[in-house]
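Here is the structure we will look at.
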Number of protein chains: 2
Amino acid sequence: MVTLAEVARHAGVSASTVSYVLSGKRSISGPTRERVEQSIKELGYHPNAGARALASSRSNIIALMVPLRTDMYVPVMMEIAIAVATTARTHGYDVLLLTGEEGPAAVRRVTGSGLADAMILMDVELEDERLPLLRDARQPTVLIGLPADTVGLTCVDLDFTATGALCADHLAGLGHREIAVVGEAAAVYERHTGFAVRTLEGLRGRARELGLRLLHRPCEGSYESMAGALARIFDERPGTTGFVVQNEAAIDPLLSLLRQQGRAVPEDVSVVAICPDQVAAQASVRLSSVAIPAHEMGRRAVELVVAKLEGHGSDEVALLEPELTVRASSGPAPNAAP
Amino acid sequence: MVTLAEVARHAGVSASTVSYVLSGKRSISGPTRERVEQSIKELGYHPNAGARALASSRSNIIALMVPLRTDMYVPVMMEIAIAVATTARTHGYDVLLLTGEEGPAAVRRVTGSGLADAMILMDVELEDERLPLLRDARQPTVLIGLPADTVGLTCVDLDFTATGALCADHLAGLGHREIAVVGEAAAVYERHTGFAVRTLEGLRGRARELGLRLLHRPCEGSYESMAGALARIFDERPGTTGFVVQNEAAIDPLLSLLRQQGRAVPEDVSVVAICPDQVAAQASVRLSSVAIPAHEMGRRAVELVVAKLEGHGSDEVALLEPELTVRASSGPAPNAAP
DNA sequence: CCGGGTCATTGAAGCGCTTCGACTGAGTTG
DNA sequence: CAACTCAGTCGAAGCGCTTCAATGACCCGG
């Protein structure tokens, strides 16, 4: 194993000079720099991560805590994780993957041991038990998702309240008066997951303003549960002509069932989805949708955390503006005035 | 920040004693151990990861390299990643998340810097450019997936050749003679991804033995591309009564299209999928399928790598036996002899 | 030709931990 | 009872790096 000292000897300089060449924290003359870089290359030197971390109290690692559950939004989580990992690399950081399993204990372990310089948490609940620990951890933290109380926290999320309102606007604008919301599994609402709750609030609030009738039905995502939910929806509100779906797994079943029942999309019913663009574009009917900007969320989270690590950057809540793309699944309500 | 030395002072022992209490590498008397543990708790001590890594040349980190692409099997990758992370924790290791982006450079960086004690690579191609580096890295490595040449490597994978054969057996046993294979996107085969190629080999080999006619069509996974592929299949082989699907995204479109064309499953055509059980169980027709044991693969990979780190454990290829679960999507061929 | 400033480089002091060898005293053995 | 073992503890030497204060070399204006 090649060490700094060996590089220094090979290049005929002191160890500290090599270190400064590597870090760029002091000016080094051209010739010296070149000699050192040459030696590094020749010897195949790689700085030892542990020694660096010890001497500088910086590990250059960002911890990413992903939810253990895989009951929702798996592709989104994966895309966020990958975006975090690649963006972190461009800033010189590696990513440590923590699962929610250990819960608050993981936070304590990582912040205590200096394993990571900062943390990014996903799948934040409205009253998350990890939050108190974060508020007085010495490591900077960024949340992907929005808890109830954001004081002293930095968060990134799609503005789901605005997303709900946007969906309501779109359908109302097309003349739909009775809207059904096909949501995530009931468990997701029960554990007070922010995005699901907020979307619903946004939908309800705007529906009230616009005088729409709104019916919310959680859905497990299986074909069977979708069939059940759909039957109950048309049973209770036969005049339903607009659907908002926030559950990737339920999309295909919904479209398939509507087709089976002879309800044409978008002629008889309109469907708006809240899902990644790729999913919307691949469905049997190209779906009008509000995109989940997973990549952007991961990227922003890293950038916020890096800014904090570098001293600038403050606590802020970065809400991404939702964008609705109109595709082939939404059109004028069948009985609307022209 | 609390250090070992402070704990030692607080407990009235030497630093080395505290260290031995922590590691258990030397015997410590009951009273002393208790005193030290008490001090650790009172002071809220957490060993510093960097210092540990430097002194012991062990980081207690396993690097996991996941593919950057998200064009296939995303939920499977995620499940493997989560299984790796949780299993690693039970052995005292954390997981560093690397994306394929950096390619071989990431391998060099991690092995060179001692950032990780071992590596697990996913999405291995038949002729993977990272393999030469691994063969003479000092860190143990385990591959999830099977390259062409496994000499000197440790691998975990579902036995996809046997999986293909099993699907052929199942359909042949039900009297089907003409089988269509709906595969992954063409790009997956072009980059020689092991699992896709091997499944096909297994299918072809057994089909030949059993005298089945086999038609393979790659598929992007969108509804549109599935429609195209299906049209070409029935065009070319109108007598097709059996389907093998190895592409999660294509499952729903396939079932939906078959229904639209008035072909009943399993009365007119039988479908066997190669996918996680959850997906098979949630489809509109409960699918007969060979499960992808994602969790098991992740777990096994960690256990193999930990065994290597502990000195026992040798190079071996662990192929998991495929299991076919018969559900509602496969039945006797319509024109078969009773 | 000297005081003051800048630039490039160095030596040495740690960072917090693990681990080796040495030491002690109690228990065992011939 | 001397010789020996062994469990339990300690001191000290690093692990490979960063960083601070110090040292020269050099240039400038006065």
Side-chain angles (χ1 to χ4, degrees), chain A residues 1-37 39-40 43-61 92 109-117 138 309, chain B residues 1-37 39-40 43-61 92 109-117 138 309:
Chain A
M1 205 218 169
V2 189
T3 70
L4 224 215
E6 295 175 48
V7 174
R9 201 174 317 128
H10 186 273
V13 298
S14 75
S16 40
T17 302
V18 177
S19 177
Y20 287 124
V21 167
L22 252 24
S23 69
K25 293 192 178 173
R26 293 230 172 147
S27 50
I28 299 287
S29 70
T32 306
R33 161 180 287 101
E34 277 162 34
R35 214 141 30 87
V36 170
E37 281 167 354
S39 297
I40 289 176
L43 300 179
Y45 169 70
H46 285 271
N48 180 85
R52 275 203 154 160
L54 176 57
S56 64
S57 6
R58 288 297 220 101
S59 64
N60 286 300
I61 289 179
R109 193 165 56 82
V110 168
T111 60
S113 67
L115 228 189
D117 297 335
R138 58 181 160 290
L309 283 169
Chain B
M1 205 220 168
V2 189
T3 70
L4 223 215
E6 295 174 48
V7 174
R9 202 174 316 128
H10 186 273
V13 297
S14 75
S16 41
T17 300
V18 178
S19 177
Y20 287 124
V21 167
L22 252 23
S23 70
K25 293 193 178 173
R26 288 210 181 166
S27 51
I28 299 288
S29 70
T32 307
R33 161 181 287 102
E34 278 162 33
R35 216 141 28 89
V36 170
E37 281 167 355
S39 298
I40 288 176
L43 301 179
Y45 169 69
H46 284 271
N48 180 85
R52 276 204 153 160
L54 176 56
S56 65
S57 1
R58 289 296 220 101
S59 64
N60 286 300
I61 289 179
R109 193 166 58 82
V110 168
T111 61
S113 67
L115 227 189
D117 297 334
R138 55 182 161 292
L309 282 169

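So that the names make sense, note that chain A is the first sequence line, chain B the second, and so on, each numbered from 1.
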message: Students often get this wrong, so: under 4.0 angstrom with heavy atoms, is B/Thr32 touching a base, only sugar-phosphate, or nothing?
response: sugar-phosphate
- request: Identify the 5'-most and 3'-most nucleotides of DNA chain C with at least one atom closer than 4.0 Å to a non-hydrogen atom of chain B.
  value: C/dG16 to C/dA22
query: Do B/Val18 and B/Val13 come close enough that some side-chain heavy atom pair is under 4.5 Å?
result: yes
query: Is the distance from OP1 or OP2 of D/dG8 to the nearest side-chain N or O of B/Ser27 less than 4.0 Å?
result: yes
query: Do the non-hydrogen side-chain atoms of B/Ile40 and B/Leu22 ever get within less than 4.5 Å of each other?
result: yes
message: So B/Ile28, base contact, sugar-phosphate only, or nothing? Heavy-atom distance under 4.0 Å.
response: sugar-phosphate
query: What does A/Leu4 touch in the nucleic acid at a heavy-atom separation under 4.0 angstrom: a base, only the sugar-phosphate, or nothing?
result: base
- request: Measure the distance from CD on B/Glu34 to P on D/dG8 and round it to the nearest whole Å.
  value: 13 Å
message: I want to confirm an ordering. Mapping A/Ala55 and B/Ser14 to their closest nucleotides on DNA chain D, which one lands closer to the 5' end?
response: B/Ser14
query: Is A/Val7 close to A/Val2 at the side-chain level, that is, under 4.5 Å between some pair of heavy atoms?
result: yes
message: Below the 4.0 Å mark, does D/dT9 have OP1 or OP2 next to a side-chain nitrogen or oxygen of B/Thr17?
response: no
query: How is B/Ser29 classified with respect to the nucleic acid when contacts are heavy atoms under 4.0 Å: base, sugar-phosphate, or nothing?
result: sugar-phosphate
- request: Would you mind telling me which residue lines up with the more 5' stretch of DNA chain D, A/Val18 or A/Arg26, judged by nearest nucleotide?
  value: A/Val18
- request: Hey, which sits more toward the 5' end of DNA chain C by its nearest nucleotide, A/Gly30 or A/Ser16?
  value: A/Gly30
CD1 on B/Ile61 to CG on B/Leu115, rounded to 0.5 Å: 6.0 Å
- request: In whole angstrom, give the distance that lies between atom CG of B/Leu54 and atom P of D/dA13.
  value: 17 Å
message: Looking at A/Tyr20, is its backbone amide N or carbonyl O close enough to the side chain of A/Arg26 to form a donor-acceptor pair, meaning the two atoms are under 3.5 Å apart?
response: no
- prompt: So, is A/Lys25 close to the D/dT18 phosphate, meaning a side-chain N or O under 4.0 Å from OP1 or OP2?
  reply: no
query: Is there side-chain contact between B/His46 and A/Thr111, with at least one heavy-atom pair below 4.5 Å?
result: no
- prompt: Rounded to the nearest 0.5 Å, how far does CZ of A/Arg138 lie from CG of A/Asp117?
  reply: 11.5 Å
